[in-house]
Amino acid sequence: MQAIVYTKYGSPDVLQLKEVAKPTPKDNQVLIKIYAASANPLDWHLMRAEPFLARLENGLLKPKNTKLGADVAGRVEAVGRNGTQFQAGDEVFGAISINELGGFAEYVCAPEALLALKPAKMTFEQAAAVPIAAFTALQGLRDKGQIQSGQKVLINGASGGVGTFAVQIAKSFGTEVTGVCSTRNLDIVRSIGADYVIDYTKEDFTQNGQRYDLIFDAVGNRSVSDYQRALRPNGIGSVAGFTTLSRLFQVILLGAWVSKTGRQKIGLMATASPNKKDLVFIKELLEAGKVVPVIDRTYPLSEVAEAIRYLEEGHARGKVVITVEQNSKT
Ligand SMILES: NC(=O)c1ccc[n+]([C@@H]2O[C@H](COP(=O)([O-])OP(=O)(O)OC[C@H]3O[C@@H](n4cnc5c(N)ncnc54)[C@H](OP(=O)(O)O)[C@@H]3O)[C@@H](O)[C@H]2O)c1
């Protein structure tokens, strides 16, 4: 089969489309014929081994797992010996666990526990756009953010892969949502349900006197004192991303101190954890039309390097999707 592989860390130039062995499912896995995948910042963090700590996970000098791609949607081709939940022909979607990846390929094996049936009305491209970004939004809002109906919620980075899910998921919890994005994305953020939008090129949400119960930051470019200023006295700041290592460490260290000594809670959310319960929860939101994936661009498998290059610029509008076969629409 064809797959994107990389044998050394570096820019998207290290990514190559190669002929590799088709995988065989383990007892608890299914083999999926992939029709679409999607790219996440995780892919370029691993590809570049940035931050350096990524090397502790995936090899100090060169990558141990030479494949990338977590989010996939496709058709079950074979079922492992202990498989009970799916059968050949089922259309499924989900995220491959971070230690294995391999979604930028024609086939991948994944445990049944990480997959769900694809919503029938969605295309493979739409379904592949969902898993990691939606898990991040859901877990960041619900688990770290303790979101509750009636709250005032601000989403920083509302127009990105994670942000477009965060706006819609926060609305589904019955909150009032303010989305922060640049001028060109104001309309799209409004169209996915934000009650208010703030153009970060014209207004600083931490300086306008508004206070929020929950700030979910899908950019990670603000200081702890910025969050403190924009949060209500017992508000929560749930940070998903970071733009520099000093921002990251400030949120971890100073955020922990602020959370311990005051009523506001500010900190980095845990790495998004793919799991069936949340995937089914998200699937129900998709089926109810409460969440609709926003797709910015699609690239064929042979152009994953271009897709990652575009994502790395940091201005994707929704998700960047990889199509693995042209006639993959349902
Ligand atoms: N904790 C986890 O497990 C986890 C999982 C997934 C992602 N993440 C992290 O979450 C972050 C977001 O991921 P993503 O997939 O959403 O990335 P993405 O799709 O690349 O995000 C791009 C978006 O960020 C917006 N943006 C850039 N600068 C901004 C600013 N100063 N203020 C507001 N918005 C700004 C851009 O809007 P404009 O074009 O309008 O500037 C664009 O729409 C990344 O740092 C990623 O590493 C963490």
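Each ligand, and each atom within it, is numbered from 1 in the order the structure gives. Everything numeric in this text was worked out from a predicted model, so none of it was measured.
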Fill in: Charged N-O contact under 4.0 Å between K22 and E77
yes

Practice prompt. Could you tell me whether some N/O pair between S182 and ligand 1 is separated by less than 3.5 angstrom?
Written response: yes

Practice prompt. Indicate yes or no: does K118 engage D90 in a salt bridge with an N to O separation below 4.0 Å.
Written response: no

Worksheet item: Should the pair R309-E306 be classified as a salt bridge under the 4.0 Å nitrogen-to-oxygen rule?
Response: yes

Worksheet item: So is there a nitrogen or oxygen of I132 less than 3.5 Å from a nitrogen or oxygen in ligand 1?
Response: no

Fill in: Polar contact flag for M269 and ligand 1 (N/O pairs, less than 3.5 Å)
no

Practice prompt. Run the contact test for T271 against ligand 1 with a 4.0 Å cut-off on heavy atoms, strictly below, and give the result.
Written response: yes

Worksheet item: Considering only the protein, which heavy-atom contact is closest to atom 9 (C) of ligand 1, and what is its distance?
Response: A240 O, 3.5 Å

Fill in: Heavy atom of the protein closest to atom 44 (C) of ligand 1 (residue, atom name, distance)
P41 CG, 4.1 Å

Worksheet entry | SB check D43 K67 (cutoff 4.0 Å) | no

Discussion item. Looking only at distances, can you tell me whether any N or O atom of A316, backbone or side chain, sits closer than 3.5 Å to an N or O atom of ligand 1?
Written reply: yes

Worksheet item: Can you find a heavy atom in the side chain of E112 that is under 4.5 Å from one in the side chain of N82?
Response: no

Fill in: Identity and distance of the protein heavy atom lying nearest atom 25 (C) of ligand 1
G314 O, 4.0 Å

Worksheet, complete the sentence: Near N156 (heavy-atom distance under 4.0 Å), the atoms of ligand 1 are 32 (N), 33 (C)

Worksheet item: Which ligand 1 atoms does N221 reach within 4.0 Å, using its non-hydrogen atoms?
Response: 30 (C), 31 (N)

Practice prompt. Would you kindly say whether R229 and Y227 are connected by a side-chain donor-acceptor distance under 3.5 Å?
Written response: no

Worksheet item: For Y196, is the NZ or CZ atom of R190 found under 6.0 angstrom from the centre of its six-membered ring and inside 45 degrees of the ring axis?
Response: no

Practice prompt. Starting from atom 19 (O) of ligand 1, find the nearest protein heavy-atom neighbour and note its residue, name and distance.
Written response: G161 N, 2.9 Å

Worksheet entry | Plane angle bin for Y310 and Y299 - parallel if under 30°, tilted between 30 and 60°, otherwise perpendicular | tilted

Item to complete: Name the closest protein heavy atom to atom 16 (O) of ligand 1, giving the residue it belongs to and the distance to 0.1 Å.
Response: V162 N, 2.8 Å

Worksheet entry | Salt bridge flag under 4.0 Å for residues K152 and D213 | no

Worksheet item: Among the heavy atoms of A218, does any lie under 4.0 Å from an atom of ligand 1?
Response: yes

Fill in: R317 and D296 ion-paired at < 4.0 Å
no

Practice prompt. Considering heavy atoms of the protein only, find what lies nearest to atom 38 (P) of ligand 1 and give residue, atom and distance to 0.1 Å.
Written response: H315 ND1, 3.4 Å

Discussion item. Within the 4.5 Å heavy-atom criterion, are L154 and L214 side-chain neighbours or not?
Written reply: no

Practice prompt. Please determine, by modelled atom types, if D71 and S38 share a side-chain donor-acceptor pair under 3.5 angstrom.
Written response: yes

Worksheet item: Does at least one non-hydrogen atom of E312 fall below 4.0 angstrom from an atom of ligand 1?
Response: no

Worksheet item: Any nitrogen or oxygen of G160, main chain or side chain, under 3.5 Å from a nitrogen or oxygen of ligand 1?
Response: yes

Worksheet item: Considering D296, T183, V219, which one's heavy-atom position lies nearest to atom 35 (C) of ligand 1?
Response: V219

Discussion item. Set out, in order, the CA-CA distance, both residues' side-chain angles and the distance that settles salt bridge (Lys or Arg N to Asp or Glu O under 4.0 Å) for K290 and E284, then state yes or no.
Written reply: CA-CA 9 Å; K290 292 185 177 171; E284 285 166 5; over 6 Å; no

Worksheet item: Does the N or O separation between Y200 and ligand 1 drop below 3.5 Å for any pair?
Response: yes

Worksheet entry | Protein contact of atom 20 (O) of ligand 1 - nearest heavy atom, named by residue and atom, plus distance | L311 CD1, 3.8 Å

Practice prompt. Would you mind finding which of G157, S238, S159 brings a heavy atom closest to atom 34 (N) of ligand 1?
Written response: G157

Worksheet item: Should N185 be counted as touching ligand 1, given the test is an N or O pair under 3.5 Å?
Response: yes

Discussion item. If we only consider heavy atoms of K319, is any one of them less than 4.0 Å away from an atom in ligand 1?
Written reply: no

Fill in: Any side-chain donor near an acceptor of the partner, N156 and Y200, under 3.5 Å
no

Item to complete: Might you confirm whether atom CD of Q87 has over 12 heavy atoms from other residues, nucleotides or ligands at distances under 6.0 Å?
Response: no

Discussion item. So if I count the atoms of ligand 1 from 1 in the order they appear, which ones are less than 4.0 Å from some heavy atom of T136?
Written reply: 2 (C), 4 (C), 5 (C), 6 (C)

Worksheet item: What atoms of ligand 1 come within less than 4.0 Å of a heavy atom belonging to H45?
Response: 47 (O)

Fill in: For atom 45 (O) of ligand 1, the protein heavy atom that lies nearest, with its residue and separation
G241 CA, 3.4 Å

Discussion item. Would A272 count as a polar contact of ligand 1, with the cut-off being nitrogen or oxygen pairs under 3.5 Å?
Written reply: yes

